[in-house]
Amino acid sequence: MKRLFDTLLSGIGLLLLAPLFLVLAVWIKLDSRGPVFYKQVRVGRGNRDFLLYKFRSMAVGADSKGLLTVGGHDPRVTRSGHCIRKYKLDELPQLINVFKGDMSLVGPRPEVRRYVELYTPAQMEVLSLRPGITDPASIKYRNENELLATAEHPEEFYTEVIMQDKLAINLQYIGSRSLLKDFKIILNTFISILR
């Protein structure tokens, strides 16, 4: 049932958002050199790698200077990138991942392999589900970049504090998930973006 829900809603979303995708694609191309989409290997269900799609919001090659984006003034973020990140528009191409079956609309956010290798055996349970575009942890940490900007050691703060809390929240989600709860999470995600 969840897969049908994901396929139907992601398909409708891709059709309805096609004009916005076109506008964003043109803006990104005019703003900086490089492709419209940023593709990154993330870890999905069953501990398998997949390519996650985003609208590119950083200069080409920015990920070689660190995986974490720190604050609103990260010099690697392009002018268009600041805006599309603020309203989470960079995440919209993940509807393609949902339609393909790599992801779900709601589920634990997928991490890069480097961070998954830090999971405990109990935390690996988050890989039993398709990763999602949103989850309860994403709502709580919607201002993650700003939190990291205030940390003395952002990488350590992420792995030792934020990531641990996100995993705990997602493990709780796994134990109590339902289609109704997913609807509420999607609604709360929209509300948190509009705030």
Could you tell me if Tyr173 and Asp182 have a donor-acceptor pair between their side chains, going purely by distance under 3.5 Å? yes
Quick one: closest heavy-atom pair of Thr78 and Ala59, and the distance? CG2-N, 3.8 Å
Rounding to 0.5 Å, atoms CG (Leu95) and CG (Leu9) come to a distance of 9.5 Å
Would you please name every residue forming a salt bridge (Lys or Arg N to Asp or Glu O under 4.0 Å) with Lys140, sequence neighbours left out? Asp165
For a 4.5 angstrom cut-off between non-hydrogen side-chain atoms, does Tyr38 reach Tyr53? no
Min side-chain heavy-atom separation Ile133-Met103 under 4.5 Å: yes
Could you report the tightest heavy-atom contact between Pro154 and Leu148, atom names first, then the distance? O-CD2, 3.5 Å
What closest approach, in Å, do Lys29 and Gly34 show between heavy atoms, and which atom pair accounts for it? NZ-O, 2.9 Å
Rounded to the nearest 0.5 Å, what's the gap from CD on Gln94 to OG on Ser10? Could you check? 12.0 Å
In this structure, would Phe55 and Leu22 fall into the same cluster of hydrophobic residues linked by side-chain contacts under 4.5 Å? no
Side-chain contact test, heavy atoms from C-beta onward, threshold under 4.5 Å: evaluate it for Leu127 versus Arg45 and give yes or no. no
Do Leu20 and Ile12 land in one hydrophobic cluster if side-chain heavy atoms of ILVMFWY residues count as linked below 4.5 Å? no
Quick one: are Lys184 and Leu187 in side-chain contact, heavy atoms under 4.5 Å? no
Which is it for Glu111 and Met163 under the side chain to side chain contact (heavy atoms under 4.5 Å, CB included) test, yes or no, and what are the steps along the way? CA-CA 10 Å; Glu111 281 284 9; Met163 189 176 84; 4.2 Å; yes
Between Ser138 (side chain) and Thr134 (backbone), is there a donor-acceptor pair under 3.5 Å? no
Under 6.0 Å from the CZ atom of Phe21, do we count more than 12 heavy atoms belonging to anything else shown? yes
As a quick check of understanding, evaluate side-chain hydrogen bond (donor to acceptor under 3.5 Å, both in side chains) for Ser57 and Arg85, giving each step before the final call. CA-CA 7 Å; Ser57 61; Arg85 278 172 171 260; 2.7 Å; yes
Flag the pair Arg56 / Phe37 as yes when at least one side-chain heavy-atom distance between them is below 4.5 Å, and no otherwise. no
In terms of hydrophobic clustering (I, L, V, M, F, W, Y; side-chain heavy atoms under 4.5 Å; direct or indirect links), are Leu179 and Val106 co-clustered? yes
Heavy-atom check, side chain of Lys54 versus side chain of Leu92, under 4.5 Å: no
Expected output: side-chain Arg42 to main-chain Leu52 donor-acceptor under 3.5 Å: no
Run the side chain to side chain contact (heavy atoms under 4.5 Å, CB included) test on Val126 and Tyr119 for me, step by step, so that the C-alpha distance in whole Å, both residues' side-chain angles and the decisive distance to 0.1 Å come before the verdict. CA-CA 10 Å; Val126 298; Tyr119 289 6; 3.7 Å; yes
Can you tell me how far apart OG (Ser104) and CG (Asp6) are? Round to the nearest 0.5 Å. 3.5 Å
Pairwise side-chain contact, Cys83 with Trp27, heavy-atom cut-off 4.5 Å (strictly under): yes
Rounded to the nearest 0.5 Å, how far does NE2 of His82 lie from CG of Asp90? 12.5 Å
Interatomic spacing from NZ in Lys166 to CD1 in Ile162 - rounded to 0.5 Å: 7.0 Å
Quick one: do Val60 and Arg33 satisfy side chain to side chain contact (heavy atoms under 4.5 Å, CB included)? Show the steps, please. CA-CA 8 Å; Val60 173; Arg33 284 155 77 182; 5.8 Å; no
Single-linkage hydrophobic cluster, 4.5 Å side-chain cutoff, Val98 and Ile186 together: yes
Does one side chain, of Asn47 or Arg113, offer a donor that lies under 3.5 Å from an acceptor on the other? yes
Ignoring hydrogens, what is the shortest heavy-atom contact between Ala137 and Asn170? Give both atom names and the distance. CB-ND2, 4.1 Å
Lys181: partners by salt bridge (Lys or Arg N to Asp or Glu O under 4.0 Å), with sequence neighbours left out: none
Do the non-hydrogen side-chain atoms of Val112 and Val43 ever get within less than 4.5 Å of each other? no
Measuring from Glu91:CD to Asn97:CG, what's the distance to the nearest 0.5 Å? 10.5 Å
Identify the two heavy atoms, one from Pro110 and one from Gly132, that lie closest to each other, and give their separation to 0.1 Å. CD-O, 3.7 Å
Just by modelled atom types, is the Ile169 backbone N or O under 3.5 Å from a matching donor or acceptor in the Gln172 side chain? no
Please tell me whether Leu30 and Met58 are part of a single hydrophobic cluster in this structure, the criterion being side-chain heavy atoms less than 4.5 Å apart. no
Using 30° and 60° as the class boundaries, would you call the ring planes of Phe5 and Phe183 parallel, tilted or perpendicular? perpendicular
Between Gln123 and Leu171 the two heavy atoms that sit nearest each other are CA-CD1, 4.3 Å
For Leu51 and Gln40, what are the C-alpha separation, side-chain angles and deciding distance, and is it a side chain to side chain contact (heavy atoms under 4.5 Å, CB included)? CA-CA 5 Å; Leu51 273 182; Gln40 185 181 49; over 6 Å; no
Take Arg109 and Asp135, measure what salt bridge (charged side-chain N to carboxylate O under 4.0 Å, His left out) needs, and give me the verdict at the end. CA-CA 7 Å; Arg109 286 292 298 157; Asp135 63 6; over 6 Å; no
